[in-house]
Chemist: 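Before I ask anything, let me first share the structure, which is written out below as structure tokens.
Just so we're on the same page: letters track the sequence lines, and every chain starts at 1. When reading the values below, keep in mind they use all heavy atoms of this one structure, side chains included, and skip hydrogens, waters and symmetry mates. This is a predicted model, so every value here is computed, not measured.
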2 protein chains.
Amino acid sequence: MNPRKISYLVIIMVFVSTFLVLFKPYLYSFKRYDINYKGEEVMLPEPRLKGDMSVEEAIAKRRSIRHYKDKPLTLEQLSQLLWAAQGITDEKRKFRAAPSAGATYPFEIYVVVGNVKGLKPGIYHYNPFKHSLTLIKEGDYRKQLQAAALNQQWVGKAAVNIVLVAFYERTTRYYGERGYRYVYMEAGHIGQNIYLQATALGLGTVAVGAFHDEEVAKILGTEGDPVYIFPVGVP
Amino acid sequence: MNPRKISYLVIIMVFVSTFLVLFKPYLYSFKRYDINYKGEEVMLPEPRLKGDMSVEEAIAKRRSIRHYKDKPLTLEQLSQLLWAAQGITDEKRKFRAAPSAGATYPFEIYVVVGNVKGLKPGIYHYNPFKHSLTLIKEGDYRKQLQAAALNQQWVGKAAVNIVLVAFYERTTRYYGERGYRYVYMEAGHIGQNIYLQATALGLGTVAVGAFHDEEVAKILGTEGDPVYIFPVGVP
């Protein structure tokens with residue numbers, strides 16, 4: 001190669017690497033898993049970014065609550081809970097409400113809706129990018145979910161069940177075996193946000209970790225692995 | 001046995017079972033792991049149970065912060081962070097700030113103190129029952145911890161590092177293999193509380209999950225398994 005060709009090559013390389021460093025297209029191409037189910041879509045009301053209960057008060061008051069009244073949740077309450085679980089809190093960088101190892105975000109959130117004002121019972125998928133729910137299948141699946149969750153009554157009686165479903169490989173492809181640990185830790189981050197947000201809204205929830213994974217996956221119709229169920233209701 | 005002896009026996013059995021049901025001594029005998037290290041003990045200031053930042057605001061503002069000023073934390077701030085991590089929030093039943101599968105509480109909290117007003121540098125163990133710190137060994141171990149944590153700078157530069165150390169068998173003896181999953185999820189619950197409390201206090205932290213477990217354990221002088229490190233500093 002003559003010197004002119006080399007300098008062209010260098011200039012092109014500088015442009016390409018500047019583009020890669022500044023715009024990070026590789027980050028978005030393999031990091032943003034934007035699952036869009038086909039089905040009726042419900043736009044959720046905007047979450048509020050300030051509230052009435054302080055962090056300290058919510059931590060002090062938070063308890064695992066297993067008994068709920070037969071009362072509906074509002075769409076605003078469900079919107080707020082889903083935002084606290086996995087909502088986008090940094091529009092530009094698409095960071096979420098709960099931290100994730102290497103921002104790999106292995107979780108998809110499914111909602112088993114039984115009793116929410118203005119929302120037909122069914123199984124929904126939460127889309128954090130649009131802050132919307134997509135109906136996967138219609139019907140009240142709470143009793144089926146309860147059966148899959150070793151018959152824990154609170155699952156069947158809650159107004160909704162928020163289910164955290166892991167797609168491990170999103171994280172393990174970067175971190176290997178230790179990635180599983182990070183995924184479970186992230187389930188805890190998300191879960192604590194749900195707990196605290198429920199407390200701040202005057203709602204009750206409990207972390208349910210014991211269930212038949214495959215049966216829950218089948219009910220949801222997901223290819224991922226259910227890791228945590230959060231029944232939520234009016235205490 | 002004659003009828004009189006039988007009725008005495010029945011009366012005694014009723015008393016004993018009433019005692020067992022009401023006071024649950026078996027719960028405390030095997031569930032309360034009250035580790036008391038020998039060493040200088042520092043009583044922490046009482047945590048505040050209300051604050052200025054709402055749950056929603058803290059979730060919205062929380063970020064992973066890796067750069068800290070060379071400024072000390074106050075003892076009040078450290079007290080508040082430790083309370084949010086593992087403080088007792090139900091005096092009677094000894095429930096804690098973060099939920100735990102079957103209330104088995106597998107975690108002990110160690111603090112690598114470097115720069116806290118009124119507290120000599122050293123490695124401390126947090127006693128949630130007394131809300132106190134016990135000095136295990138004196139000296140600034142932050143650089144050693146940084147080296148064990150794949151040389152992540154923020155570990156060495158933080159005012160303190162809060163280390164979550166798991167004693168798996170406390171949980172796995174009840175839940176078997178699945179217990180490991182529950183322990184990691186609990187690390188996430190605790191971690192999210194630390195994140196949100198730090199945000200509410202205007203402090204910065206980041207979840208560090210990558211380190212050489214045995215080396216960190218050796219620095220702390222613990223028989224448990226370090227699972228998470230939270231460097232905390234003034235951003």
Side-chain angles (χ1 to χ4, degrees), chain A residues 47-64 80 83-85 87 89-90 93 95-103 164 175 178-201 205-210 213 227-228, chain B residues 47-64 80 83-85 87 89-90 93 95-103 164 175 178-201 205-210 213 227-228:
Chain A
R48 60 179 201 202
L49 305 184
K50 293 198 175 188
D52 309 315
M53 192 183 287
S54 67
V55 171
E56 292 82 354
E57 201 177 344
I59 292 175
K61 284 192 174 168
R62 181 210 58 79
R63 291 269 77 89
S64 287
Q80 196 67 38
W83 170 80
T89 51
D90 180 324
R93 294 178 293 177
F95 288 160
R96 303 198 190 172
S100 180
L164 278 50
Y175 298 105
R178 204 169 173 102
Y180 288 98
R181 180 193 278 218
Y182 296 162
V183 172
Y184 295 130
M185 284 152 137
E186 184 166 337
H189 291 298
I190 298 171
Q192 190 66 10
N193 271 4
I194 296 175
Y195 257 120
L196 296 177
Q197 183 64 79
T199 306
L201 293 171
T205 191
V206 56
V208 172
D213 305 8
V227 162
Y228 238 161
Chain B
R48 61 179 200 202
L49 305 185
K50 293 196 175 189
D52 308 315
M53 192 183 287
S54 67
V55 170
E56 291 82 355
E57 201 177 346
I59 291 176
K61 284 192 176 168
R62 181 211 58 78
R63 290 270 75 89
S64 287
Q80 196 67 37
W83 171 82
T89 50
D90 180 325
R93 295 178 293 177
F95 288 159
R96 302 199 191 172
S100 181
L164 278 48
Y175 298 104
R178 203 168 174 103
Y180 288 97
R181 179 193 281 218
Y182 296 162
V183 171
Y184 295 130
M185 283 153 136
E186 185 165 337
H189 291 298
I190 297 171
Q192 191 65 10
N193 272 4
I194 295 174
Y195 257 120
L196 296 177
Q197 182 66 78
T199 306
L201 292 171
T205 190
V206 56
V208 173
D213 305 7
V227 162
Y228 238 160

Chemist: Looking only at heavy atoms, what is the nearest atom pair of B:Trp83 and A:Ile59, with distance?
Modeler: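 Nearest heavy atoms, B:Trp83 then A:Ile59: CH2-CG2, 3.7 Å.
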
Chemist: Using a 3.5 Å distance criterion without hydrogens, assess whether the side chain of A:Asn193 forms a donor-acceptor pair with backbone atoms of A:Ala97.
Modeler: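 It does hold such a pair.
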
Chemist: Identify which of A:Asp90, A:Val183, A:Leu49 forms the greatest number of heavy-atom pairs closer than 4.5 Å to chain B.
Modeler: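 Counting heavy-atom pairs under 4.5 Å, the top option is A:Leu49.
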
Chemist: Check whether B:Glu186 gets within reach of chain A through its side chain, its backbone, both or neither, counting any heavy atom under 4.5 Å.
Modeler: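 Neither part, no heavy atoms under 4.5 Å.
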
Chemist: Side chain, backbone, both or neither: which part of B:Arg48 has an atom under 4.5 Å from a heavy atom of chain A?
Modeler: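 Both backbone and side chain.
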
Chemist: Identify which of B:Ala58, B:Ala187, B:Pro99 forms the greatest number of heavy-atom pairs closer than 4.5 Å to chain A.
Modeler: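 Counting heavy-atom pairs under 4.5 Å, the top option is B:Pro99.
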
Chemist: Which one, A:Val55, A:Val206, A:Ile190, leads in non-hydrogen pairs under 4.5 Å with chain B?
Modeler: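 Winner by heavy-atom pair count: A:Val55.
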
Chemist: With a 4.5 angstrom heavy-atom cut-off, which part of B:Val227 approaches chain A: side chain, backbone, both or neither?
Modeler: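 Both parts, backbone and side chain.
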
Chemist: Count the heavy-atom pairs under 4.5 Å between each of A:Gly209, A:Ala210, A:Ala200, A:Ser64 and chain B, then report the option with the highest count.
Modeler: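 Result: the option with the highest number of such pairs is A:Gly209.
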
Chemist: Counting only non-hydrogen atoms closer than 4.5 Å, does B:Tyr182 touch chain A with its backbone (N, CA, C, O), its side chain (CB onward), both, or neither?
Modeler: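 Contact with chain A is through the side chain of B:Tyr182 alone.
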
Chemist: Heavy-atom pairs under 4.5 Å with chain A are the metric here; pick the option from B:Lys61, B:Arg178, B:Gln80 that has the most.
Modeler: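 Among the listed options, the one with the most contacts to chain A is B:Arg178.
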
Chemist: Would you say A:Leu164 and A:Ile194 make side-chain contact, with heavy atoms under 4.5 Å?
Modeler: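 Yes, close enough: below the 4.5 Å cut-off.
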
Chemist: Heavy-atom distance under 4.5 Å to chain B: side chain of A:Tyr195, backbone, both or neither?
Modeler: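 Answer is side chain: those atoms of A:Tyr195 sit under 4.5 Å from chain B.
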
Chemist: Look up atom OG in A:Ser54 and atom CG in B:Leu196, then write down how far apart they are to the nearest 0.5 Å.
Modeler: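 Here the rounded value is 11.5 Å.
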
Chemist: With a 4.5 Å cut-off on side-chain heavy atoms, are A:Arg63 and B:Thr89 touching?
Modeler: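 Of all side-chain heavy-atom pairs linking A:Arg63 with B:Thr89, at least one is under 4.5 Å.
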
Chemist: Distance check, rounded to the nearest 0.5 Å: B:Met185 atom CE versus B:Ser100 atom OG?
Modeler: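 Output value for this atom pair is 12.0 Å.
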
Chemist: Provide the closest heavy-atom pair for B:Ala85 versus B:Ala98 in the form atom of the first, atom of the second, distance.
Modeler: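 For B:Ala85 and B:Ala98, the tightest heavy-atom pair comes out as O-CB, 4.0 Å.
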
Chemist: Given that the side chain runs from C-beta out, which part of A:Arg62 has a heavy atom under 4.5 Å from chain B: side chain, backbone, both or neither?
Modeler: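 The side chain, not the backbone.
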
Chemist: Need one label for B:Tyr175: side chain, backbone, both or neither, based on atoms under 4.5 Å from any heavy atom in chain A.
Modeler: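 Neither part; nothing is under 4.5 Å.
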
Chemist: Relative to chain B, which of A:Lys50, A:Gln197, A:His189 shows the most heavy atom pairs under 4.5 Å?
Modeler: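 The residue among A:Lys50, A:Gln197, A:His189 with the greatest pair count is A:His189.
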
